[in-house]
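Okay, structure first, notes after.
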Amino acid sequence: MSLILSEQELVRRNALTELYQLGINPYPPEAYEVSASAENILLEFEANPEKFQEISIAGRIMSRRIMGAASFCELQDSSGRIQLYFKRDDLCPGEDKTLYNTVVKRLLDIGDIIGVTGFVFKTQMGEITIHVKTMTVLSKSLRPLPIVKEKEGQVYDAFTDAEQRYRMRYVDLIVNDSVKETFIRRTKVINSMRNFFNEQGYLEVETPILQPIPGGAAARPFITHHNALDIPLYLRVANELYLKRLIVGGFDGVYEFAKDFRNEGMDRTHNPEFTVLEIYVAYKDYLWMMDFTEAMLERVVKEVTGGTKVIVNGTEIDFQRPFKRIAILDAIHEHTGFDVAGMPENELREVCKKLGLETDPSMGRGKLIDEIFGEKCESHYVQPTFITDYPVEMSPLCKRHRLNPDLTERFELMINGKEIANAYTELNDPIDQRARFEEQMSLSERGDNEAMFIDQDFLRALEFGMPPTSGMGIGIDRLVMLLTGQTSIQEVLFFPQMRPERIRKALSPQDFIRIGVSEAWAEHLIKAGYTSVEAFKDEKAAVIQQKLNGYRKKNKLDLPAVQMDEIERWLTTPENTAK
RNA sequence: GAUUUGUUAGCUCAGUCGGUAGAGCAUUUGCCUUUUAAGCAAAGGGUCCCGGGUUCGAAUCCCGGACAAAUCACCA
């Protein structure tokens, strides 16, 4: 397939050819030794100028200012940007000034990756700059980058189109500094959590992503097929049941940063694949887990932001311990005035009606209560708040409450009106667990397609005996959103899911040669505006002749004018579609 | 899935009432030895997202489609 290239791409490809002709490999194989980064030069040069008299650095050219025998450009490495100063007679001390006159001034472009050696100095304008002694082309860039300029904090022509930023995240990362910061912080959050767990002696583990039964959560799974076994497999919607099997196996604490997959809608808080941290600790209950979660979050926020407060969308959120705690039924009472404790399903349905909430027959007690909470209460919890003691129907994997068997020992952590974490005193009674799964099955028969599948092997594991255990899961993407002030999940995922991009099929001169057009003319047909063979064949021969010969004259082609009988021949040749 | 908005040069965007498609940056050429959103002078660069319709004439009006964003629905 030939490419239709923009003028700027052609210029760069020509520069590439010229580099080869000068004996310069634009993609050299050798390692390039780097002794300094932009950041450490800028931070340390003034205090220790003698340390920077012979340095090497590599990076991408982000801007160029060319004068006669001197030029400046900005070099960007992973730590930041620094200015380079090229002076012709310093770069080319001998007679041959090609490296400066041709390569630096003409063949380098914004986006090229180069390495330089030289010494650091300060310009008359007061900018710390590298005076370049040698320059090596490390990678020629063939596509122009978006040009983002900045002066005194004001950004001009920012690269902001969300579609392009997400589809070409590499470009986004190159030209938009803050994007890199967001992702670095994401990794810091995860590292901070990992350190916290490891310090307690918990074990990081990996469990299957391809599961024969998609258990542990109620969600629509992605289905795939294993050829050798000839069975369906599901991408996990959760890893909970596998981690609990490991607790049965005798580990005291296990955790996993897991990619889970749910075949559901996408919006600014949902991506089909997302990251969840799940941790299970033996001999603990949900009260312990609340303390643990608070302590972990407070520490993570302090480590990552330096304080306990973050601002999201103008709202300040304080992660200072302790977080508020309220039982879900109290929360509903507080925000709706209805006391739904112990209320049977038909009365709950009435309450929903009075509150103006839609219900459908597939909803059991649990879903109805969840609906009321979600619609009427959730948004009130902006500061970190533990919502506790959910009704048993909503929580099939959670142990019944020690004081009230209609409730469970569960909490969700709400922050900024969104669920961030979910935790249980885990159900370890195999008889009750089986009964709860069966209850889920009957919900499923009523049409709730989110009810859970029964995992018989998991029940078998419980029958061998699982110690009392508390488990907790945190949506990492949403936590990172909070801690980076982002309001859309796409901003915290390097490569968010997008609809496939439609690639316009480029027409190749071959397509015209196939119908008998001479090689000399084929490429000019495309440039003259014929974008498909069909469109070309629909045109009248006289019109084509006029257009082509007009094009020939305008572009001063070194070709004989095209004759009518030749065009007639092209138009009557059947297209050979074989490739 | 619904509604709204958007899609014009490599990038960011104008484009009046339907009448030959524009700017800044970037690119090319020339000048310039410490510039910095470098400057000065000139030039080139377009499938106006795609397909239909209305019209003498469509970037512009109408219909359909693609993609994106926002809001909603969905989402323990």
Side-chain angles (χ1 to χ4, degrees), chain A residues 4-12 14-15 63-74 81 83-90 100 106 109-111 121-127 129 131 142-167 171 175 216-220 237-238 240 262-272 274 358 366-367 369-371 373-374 390-391 393-398 408 410 412 419 422 424 440 448-452 473 487-488 490 498-502 504 506-507 526 529-532 535:
Chain A
I4 299 208
L5 298 174
S6 69
E7 179 198 19
Q8 293 191 44
E9 288 172 295
L10 289 170
V11 165
R12 285 168 181 239
N14 290 339
S63 74
R64 306 201 310 143
R65 292 179 286 280
I66 301 203
M67 285 156 292
S71 359
F72 292 86
C73 67
E74 274 183 296
R81 289 188 186 187
Q83 180 167 267
L84 304 183
Y85 172 61
F86 293 91
K87 189 174 175 185
R88 177 167 53 208
D89 295 334
D90 288 350
Y100 181 79
R106 213 159 51 73
D109 287 294
I110 290 172
F121 74 110
K122 206 167 185 180
T123 65
Q124 288 173 3
M125 301 297 289
E127 179 150 348
T129 300
H131 189 123
L142 298 182
R143 276 181 193 261
L145 282 172
I147 307 293
V148 179
K149 295 205 169 181
E150 196 184 324
K151 187 185 189 182
E152 289 156 10
Q154 176 101 6
V155 177
Y156 298 81
D157 297 340
F159 180 61
T160 54
D161 184 275
E163 177 176 3
Q164 297 208 64
R165 286 184 49 231
Y166 301 154
R167 288 196 198 282
V171 174
V175 304
R220 274 173 63 193
V237 295
E240 170 157 2
R262 297 189 183 177
N263 204 342
E264 290 164 352
M266 290 161 56
D267 59 31
R268 69 178 200 293
T269 55
H270 295 85
N271 194 67
F274 58 101
E358 285 187 26
K367 274 229 148 188
I369 289 175
D370 190 36
E371 179 75 11
F373 181 78
Y390 286 65
E393 296 86 348
M394 292 170 69
S395 317
L397 298 165
C398 184
T408 54
R410 171 179 180 180
E412 287 196 353
E419 173 198 340
N422 182 23
Y424 308 145
Q440 288 286 305
D448 181 347
N449 59 13
E450 286 167 9
M452 293 186 191
T487 54
S488 116
Q490 285 99 325
M498 304 283 279
R499 267 209 175 71
E501 182 177 14
R502 195 178 42 151
R504 207 178 273 166
L507 197 63
I526 292 170
Y530 290 104
T531 54
S532 78

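By convention in this document, chain letters (A, B, ...) are assigned in the order of the sequence lines, proteins followed by strands, and residues within each chain are numbered from 1.
- Taking atom C1' in both B:G64 and B:G46, one finds a spacing of 25 Å when rounded to whole Å.
- Between A:E419 and A:V11, the residue anchored closer to the 5' end of RNA chain B is A:V11, taking for each the nucleotide with the nearest heavy atom.
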If you write RNA chain B from 5' to 3' in dot-bracket form, with Watson-Crick or G-U pairs under 3.5 Å, [ ] for crossing pairs and | for pairs with another strand, what do you get? (((((((..((((.....[..)))).(((((.......))))).....(((((..]....))))))))))))....
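- Heavy atoms of A:R106 sit under 4.0 angstrom from primed sugar atoms or phosphate atoms, though from no base atom.
- Donor-acceptor pairing under 3.5 Å is lacking for the side chains of A:Y85 and A:S71.
- For A:D90 and B:U33, the CG to P distance is 14 Å, given to the nearest whole Å.
- When the C1' atom is used for both B:A68 and B:C49, the distance is 11 Å, rounded to whole Å.
- Distance, A:F72 CZ to B:A37 P: 13 Å, rounded to whole Å.
- With A:T408 contributing its side chain and A:Y390 its backbone, the two residues share a donor-acceptor pair below 3.5 Å.
- A:Y166 comes within 4.0 angstrom of sugar-phosphate atoms only, judged by non-hydrogen atoms across all strands, and of no base.
- Remark: A:K149 is in phosphate contact with B:A38, judged by side-chain N or O atoms under 4.0 Å from OP1 or OP2.
- Among the atoms of the strands shown, none is found under 4.0 Å from any heavy atom of A:E393.
- Counting to the nearest Å, the P atom of B:U3 and the CG atom of A:D267 are 18 Å from each other.
- As judged by a 4.0 angstrom heavy-atom cut-off over every strand, A:R499 is placed among residues touching the sugar-phosphate backbone only.
- Per the geometry, CZ belonging to A:R81 stands 12 Å off C1' belonging to B:A37, to the nearest Å.
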side-chain contact (heavy atoms from CB on, under 4.5 Å) between A:F72 and A:T123: does it pass, once the steps are laid out? CA-CA 11 Å; A:F72 292 86; A:T123 65; 4.3 Å; yes
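- Side chain of A:E9 to main chain of A:S6: a donor-acceptor pair is present (N/O by atom type, distance under 3.5 Å, no hydrogens or angles).
- With rounding to whole Å, A:H131 atom NE2 is found 14 Å from B:U35 atom C1'.
- With hydrogens and angles disregarded, a donor-acceptor distance shorter than 3.5 Å links the side chain of A:R410 to the backbone of A:M394.
- A:I66 has its CD1 atom 14 Å from the C1' atom of B:U33, to the nearest Å.
- For the P atoms, the distance linking B:C67 with B:C50 amounts to 15 Å, nearest Å.
- Following rounding to the nearest Å, A:F274 (CZ) and B:A76 (C1') show an atom-to-atom distance of 11 Å.
- Between A:R65 and B:A38 there is a side-chain polar atom (N or O) within less than 4.0 angstrom of OP1 or OP2.
- Take the nearest nucleotide of RNA chain B for A:T269 and for A:E127: the residue whose nucleotide is more 5' is A:E127.
- Heavy atoms from other residues, nucleotides or ligands lying under 6.0 Å from CZ of A:R65 number more than 12.
- For the C1' atoms, the distance from B:U16 to B:A70 is 28 Å, rounded to whole Å.
- When heavy atoms are screened at a 4.0 angstrom cut-off, A:E74 is found touching no nucleic acid atom at all.
- Judged purely by atom type and a 3.5 angstrom limit, A:Y100 has no side-chain atom pairing as donor or acceptor with the backbone of A:D90.
- Under the 3.5 Å distance criterion, the side-chain polar atoms of A:R165 are left unmatched by any main-chain donor or acceptor of A:T160.
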Polar atom pairs between nucleotides 10-15 of chain B and protein, under 3.5 Å, N or O only, would you list them?
residue, atom, partner, partner atom, Å
B:G10, N9, A:Q8, NE2, 3.2
B:G10, N7, A:Q8, NE2, 3.4

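- A distance of about 26 Å separates the C1' atoms of B:C72 and B:C63, rounded to the whole Å.
- When the P atom is compared between B:A14 and B:G53, the two are found 30 Å apart, to the nearest whole Å.
- Spacing of P atoms, B:C40 relative to B:U35, comes out at 16 Å, to the nearest Å.
- At the heavy-atom level, A:R268 lies under 4.0 Å from the strands shown only through sugar-phosphate atoms.
- At least one donor-acceptor pair under 3.5 Å links the side chain of A:D161 to the backbone N or O of A:Q164.
- For A:E127 and A:T129, the side-chain atoms include no donor-acceptor pair closer than 3.5 Å.
- The residues A:E371 and A:K367 are annotated as not salt-bridged, no charged nitrogen and carboxylate oxygen being separated by less than 4.0 angstrom.
- Nucleic acid contact for A:Q83: base, since at least one base atom lies under 4.0 Å from a heavy atom of the residue.
- Atom name C1', nucleotides B:A37 and B:A23: the rounded distance is 16 Å, in whole Å.
- Here B:A26 presents its P atom at 22 Å from CG of A:L5, a figure rounded to the nearest Å.
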